[in-house]
Number of protein chains: 2
Amino acid sequence: MAEKYSIGEFAKKTGTTIRALRYYDEIHLLKPTLVSPSGRRYYSNNDIIQLQKIVALKFLGYSLEKISEFLHLKDWDLKDSLAFQKQEMMQRKEHIERVIRALDHALHMMEDQGTVNSSIFISLINNIQMEDEHKEWLKGLIPENKVETLYDISEEKQQELNTRTALLFTKMKEAVGKNPESDDVQELIKQYMDITEDVLGGSLELIQDLINSQVEIEDDPKLFPSPFTPEEEEWVGKAMEVYLIRKGVIADGNETS
Amino acid sequence: MAEKYSIGEFAKKTGTTIRALRYYDEIHLLKPTLVSPSGRRYYSNNDIIQLQKIVALKFLGYSLEKISEFLHLKDWDLKDSLAFQKQEMMQRKEHIERVIRALDHALHMMEDQGTVNSSIFISLINNIQMEDEHKEWLKGLIPENKVETLYDISEEKQQELNTRTALLFTKMKEAVGKNPESDDVQELIKQYMDITEDVLGGSLELIQDLINSQVEIEDDPKLFPSPFTPEEEEWVGKAMEVYLIRKGVIADGNETS
DNA sequence: CATAAAACCTAACGTAACGGGAGAAGCAAG
DNA sequence: CTTGCTTCTCCCGTTACGTTAGGTTTTATG
C-alpha cells in the first residue's frame, strides 16, 4: 500500500522517462514523495495518480505550465478551458487538412507530369495556402456571392484544373522567345483562356472586370507569387495582347486611326 | 527590374519579418544579393522567388534544414518526399482528431454532470488515448474479430456509455463505506453490470473470460489507470463479490461445505 | 551642413519539454 | 574491497525565430 519506487521503477511503471520525471521535479510539477539524504527520488502510489493526471492533460494539448496551474488550483473548473482547447485543436486540424490538400494537389501534379517547374509548384502551393486571403481580396472586386460560387467546386475538379494549368504553364515557359503571333503560341494562349473561362463559368463580364483591375496584382508577391519570371511575363503579355486584339476584345495600338 | 530592397522593404513586400530574414541569412538559407560595406542587407527580385519557395515548403511542413537541402541540391525530386510528408501529416491529423474526440467526451460529461471527479476524468481520457493499446491487449484475451465488434459502435453511443459510467462511478465513490450488502449499494453494482453487459453485447462468456483474466489488469497503471483509490477498489470488490454470490455466478467462500 | 529621426546592425538571451552526455557518487552482491 | 548497476547534478543541444540592449548608418529636414 505504501510502496516506494525508485525513479527507474516508477518510470517503467508509468511509461514515462527518468529524464521527464526529473524535469517535472525541477519545474515543481511533480515532486517525489520522498528524497533520500543522498538525493535519490522515491515515488509513491499517490504520485502515480498525479502523473496520470499530468499525462491525460498533456494528451489534451495543455502545456506543462497550464497543467501546473490546474493541479495547483485544485479547482478543476475545466469546462471553459476544455471548450477553448477544443477550438484550438479544431484550428490546428483545419490547418493540417489544408496542408494535406496542398500535398495532394502537388502529388497529383507530379504523377501526371513527372517533374514540375519549381515556380509553378510554388504558386500552386500558394494558391491553397492563401485561399482565404485570395477570397477576401476578390470580394473587394466582385460581389461576395459570386466569389463563393467560384470557390465552390469539387476537389477533383480543382485538382484537374490545377494540373491542367501547371502543364500549360510548363509549355508556355518552354515557348518563351517564340514569335507571339505564331499559331502554336496563340494556341497556348487560347488554352489558357479556355481554362480561365472554365473557372469563371464562362461569364465574360467577370473576365472583363478582372482584366480591368489586374494592374494591381503584379507587385504584391506575398499575395500572388507569379509562376513566371519578369521576362516570361512580358512575353506572355505580348502574346496575350495579340490574342485579344485578334478576338477584338481590345484595340490594336498599332492600327492607323 | 534590378530593384534593390532594404531588409525592411523586403520584409513588407514578402510578408515576413526582419528577424526571420536575418535568421535565414545566418543559417545560409537565404542570403541577400548584396551587403553594403557597413553591413546592410539588400535584396533583389530574385530573392523574392527564393523566399517564396521557402514559404511554400514551410507551409508543407518542412523544417528549414530540409528546405535548405532541397534548395541547395537543386534536384527537386520532391515526389518521394511529398508522399512521406503526407503520411506524416495524416498521422498528425489522426492524433488531433483523437484529442478532439477526447475533448468532446469530456465536455459532454461536464455538461451532463456539471462537475466530475478528477480520477474518473483521467480514466476517461486515458480510454481514448490508449484505445489502440487497449485493443491490442484485448486481442491477447479474446478473438480479434470480437474485439473489433466491441469497438465498432457509434460515437454517440460511446459518449452515452462514458457519461453513464462516469455518473455511476461518482455515485459509487459517494457510497464507499456503506454496507456492501445494502440494497442501494447492490443497485449500483447492478447498474454497473448492466452497462458492462451493454458494452459486451450481452455475451456472458466474454464476461466470464474477462473476469478470469482480470488478475493481471490491476497493477499496470500505464495501461489502465484506475478511477478508484485502493480503498475504494477494495470496497467495490466486496460489493461485487456479494452481488456475484447472490447471482450464483461464484461460490460463497463462507458457506459450510 | 548639422542634427534629429528612422532604419539598420550585432550580440545575446528566452522559448517548451525534454534528450543525451560527462563525471561523480550511492548501493547491493560476491 | 571491488564490480556493476542505478542514480545524481550540471550543462549543452534542439526549432525558428521574438525580444531587448546598445551602437552605427542612412535619410529627411531645417
Side-chain angles (χ1 to χ4, degrees), chain A residues 4-44 47 50-51 53-71 85 88-89 92 95 99 129, chain B residues 4-44 47 50-71 85 88-89 92 95 99:
Chain A
K4 295 288 164 202
Y5 311 101
S6 73
I7 195 170
E9 292 168 339
F10 192 69
K12 241 170 233 166
K13 225 180 167 46
T14 57
T16 50
T17 68
I18 293 179
R19 184 64 181 87
L21 289 170
R22 284 206 270 252
Y23 181 62
Y24 294 162
D25 184 0
E26 190 184 328
I27 63 172
H28 314 295
L29 176 56
L30 176 63
K31 301 230 165 244
T33 309
L34 178 80
V35 178
S36 82
S38 66
R40 262 128 200 255
R41 297 172 177 82
Y42 292 97
Y43 295 86
S44 68
D47 294 325
Q50 280 304 107
L51 186 54
K53 291 183 191 172
I54 293 169
V55 170
L57 291 172
K58 228 165 58 113
F59 175 73
L60 295 183
Y62 290 101
S63 71
L64 295 187
E65 201 185 341
K66 283 274 170 206
I67 296 177
S68 246
E69 284 174 32
F70 283 139
L71 297 188
Q85 194 67 10
E88 284 275 297
M89 290 299 151
R92 282 199 210 174
H95 177 80
V99 171
Q129 183 183 1
Chain B
K4 296 286 164 204
Y5 311 100
S6 73
I7 195 171
E9 291 167 341
F10 192 68
K12 240 172 233 164
K13 224 180 167 49
T14 58
T16 50
T17 68
I18 292 180
R19 183 62 179 94
L21 289 171
R22 285 207 269 249
Y23 181 63
Y24 296 160
D25 185 0
E26 190 184 330
I27 64 172
H28 314 296
L29 176 57
L30 176 63
K31 300 231 166 243
T33 309
L34 179 81
V35 179
S36 81
S38 65
R40 260 128 200 247
R41 298 172 178 81
Y42 291 97
Y43 295 85
S44 69
D47 295 325
Q50 280 305 106
L51 186 54
Q52 278 162 359
K53 292 183 190 171
I54 294 169
V55 170
L57 290 172
K58 228 166 56 112
F59 174 73
L60 295 183
Y62 290 101
S63 70
L64 295 188
E65 201 186 340
K66 284 272 170 210
I67 296 176
S68 247
E69 284 174 32
F70 282 138
L71 296 188
Q85 195 67 12
E88 284 275 297
M89 289 299 150
R92 282 199 210 174
H95 178 82
V99 171

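Throughout, protein chains are lettered first and strands after them, A, B, ... in sequence-line order, and every chain is numbered starting at 1.
Using a 4.0 Å heavy-atom cutoff across all strands shown, Y42(B) reaches no nucleic acid atom at all. Backbone-only engagement by K58(B) is indicated by non-hydrogen atom pairs under 4.0 Å involving sugar-phosphate atoms exclusively. Within the nucleic acid shown, R22(B) comes within 4.0 Å of at least one base atom, counting heavy atoms only. Using a 4.0 Å heavy-atom distance criterion, I7(B) is classed as a sugar-phosphate-only contact. I18(A) comes within 4.0 angstrom of sugar-phosphate atoms only, judged by non-hydrogen atoms across all strands, and of no base. Residue T17(B) is classed as a sugar-phosphate contact, given heavy-atom separations below 4.0 Å to backbone atoms only.
Between the CG atom of L30(B) and the P atom of dA16(D) there is a distance of 15 Å, rounded to whole Å. For K12(B) and dA6(C), the NZ to C1' distance is 11 Å, given to the nearest whole Å. Spacing between atom CD of E65(B) and atom P of dG13(D) amounts to 15 Å, rounded to whole angstrom units. Regarding Y62(A), its OH atom lies at a distance of 17 Å from the P atom of dA16(C), rounded to whole Å. The CD-C1' distance, from E9(A) to dC5(D), rounds to 13 Å in whole Å. With rounding to whole Å, D25(A) atom CG is found 13 Å from dT7(D) atom C1'. We find that NZ of K66(B) is positioned 12 Å from P of dA16(D), with the value rounded to whole Å. We find that OH of Y23(A) is positioned 11 Å from P of dG19(C), with the value rounded to whole Å.
When all heavy atoms are compared, the tightest approach of I67(B) to K58(B) is CD1-N, 3.7 Å. In terms of heavy-atom proximity, S68(A) sits nearest to L29(A) at OG-CD1, 3.5 Å.
Among dG18(D), dA17(C), dT26(D), the nucleotide with an atom closest to any side-chain atom of R40(B) is dT26(D). The listed nucleotides are dT7(D), dA16(C), dT10(C); the one nearest the side chain of R41(B) is dT10(C).
Considering only heavy atoms from C-beta on, D25(A) stays 4.5 Å or farther from V35(A) through its side chain.
Between R19(B) and the phosphate of dT10(C), there is no side-chain N or O to OP1/OP2 separation shorter than 4.0 Å. For the pair S6(B) and dC8(C), the criterion of a side-chain N or O lying under 4.0 Å from OP1 or OP2 is met. When the side-chain nitrogen and oxygen atoms of S38(A) are compared with OP1 and OP2 of dC27(C), one or more of them lie within a distance under 4.0 Å.
Side-chain N or O atoms of Q129(A) include none that pairs as donor or acceptor with a backbone N or O of A56(B) at under 3.5 Å.
Annotation for K31(B): atom NZ counts as buried by contact number, over 12 foreign heavy atoms lying within 6.0 Å.
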